[in-house]
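Okay, structure first, notes after.
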Amino acid sequence: MASDKGLRITWLGHATVLIRTAKGTNILIDPWIQNPKYPKGFELPSAIHYILLTHGHGDHMGDAVPVAKKHGSTAVAIYELSDYIAKQGVEKTVGMNLGGTVKLEDVAVTMVDAKHSSGAQDANGTHYVGVAAGYVLTPDEGPVLYHAGDTCVFGDMRLIGELYNPEIAMLPIGGHFTMDPKEAAMAAKLLGSKTVLPIHWGTFPMLTGTPQDLASQVDTNVKVEHWAPGDTL
Ligand code: NI
Ligand code: MN
């Protein structure tokens with residue numbers, strides 16, 4: 001489990017993941033603090049330096065604005081989504097796009113492809129906020145991480161693997177809106193990742209994929225982490 005030094009990854013349920021780098025940079029991916037599996041009583045660090053958003057759906061950016069305001073975060077997203085949340089009152093945003101890399105303190109963050117829809121829904125309807133994305137995080141110290149966001153498996157995951165060599169892949173496995181375990185097992189193969197951290201499962205009854213199901217389908221050299229919301233690696 002967690003040690004005091006080095007990079008730490010905490011799953012907060014659904015696709016919400018908190019990363020603390022060796023240098024102490026706090027990065028929160030897809031903040032949905034009100035998700036049904038959010039670990040009860042878990043306190044976010046007072047400073048969350050960066051929020052990364054994969055797309056505009058409420059189960060990924062639903063709490064981005066309040067968290068950014070409360071924790072002084074800079075929000076990183078595809079250009080149109082960064083513009084959308086800036087208009088909702090987030091003061092510090094970085095708008096980027098697929099293939100781009102930004103250096104955030106001690107982590108290089110690359111926005112990569114994902115195959116999924118992306119629209120932001122509010123009282124005024126559904127808004128175009130760019131396309132869905134994933135992120136590769138390359139820290140100065142520690143393993144390369146990949147958070148796939150919401151996506152199906154796609155052949156160009158092989159390119160992500162070749163270019164960035166993500167050692168640890170956070171992959172959605174619940175099915176229905178994203179990959180299921182069969183597709184996620186192929187994703188792990190294409191990426192060449194040695195460890196898979198399953199996300200986007202178990203939140204609702206319709207997300208039926210499980211880590212056990214994934215573990216039975218991945219290659220023998222791939223480790224599937226059986227983590228629960230609130231666990232830190
Ligand atoms: Ni989505
Ligand atoms: Mn989702």
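Indexing begins at 1, ligand by ligand and atom by atom, following the structure's order. Atoms considered below: every heavy atom in the structure, side chains included; atoms not considered: hydrogens, waters and symmetry mates.
Shortest distance from the Mn ion (ligand 2) to Asp150 is reached at OD2 (N/O/S atoms only). Taking the Mn ion (ligand 2) as reference, Asp59 places its N/O/S atom OD2 nearest. Taking the Ni ion (ligand 1) as reference, His57 places its N/O/S atom ND1 nearest. In His116, the N, O or S atom that comes nearest to the Ni ion (ligand 1) is NE2.
Just one of Thr110, Thr74, Val94 meets the side chain to side chain contact (heavy atoms under 4.5 Å, CB included) condition when paired with Val102; it is Val94.
In summary, Asp150 places an N/O/S atom under 2.8 Å from the Ni ion (ligand 1), meeting the contact criterion. His55 lies close to the Ni ion (ligand 1), since one of its N, O or S atoms is found at a distance under 2.8 Å. For the Mn ion (ligand 2), the N/O/S atoms of His57 include none lying under 2.8 Å. At least one N, O or S atom of His60, from either the backbone or the side chain, sits less than 2.8 Å from the Mn ion (ligand 2).
Judged purely by atom type and a 3.5 angstrom limit, Glu225 has no side-chain atom pairing as donor or acceptor with the backbone of Leu197. Using modelled atom types, no side-chain atom of Trp201 and backbone atom of His14 make a donor-acceptor pair closer than 3.5 Å.
Between Asp113 and Lys115, at least one side-chain N (NZ, or NE/NH1/NH2) sits under 4.0 Å from a carboxylate O, which counts as a salt bridge. Asp140 and Lys23 are not joined by a salt bridge, as no carboxylate oxygen comes within less than 4.0 angstrom of a charged side-chain nitrogen.
Side-chain rings of His200 and His60 approach one another, their centers coming within less than 6.0 Å.
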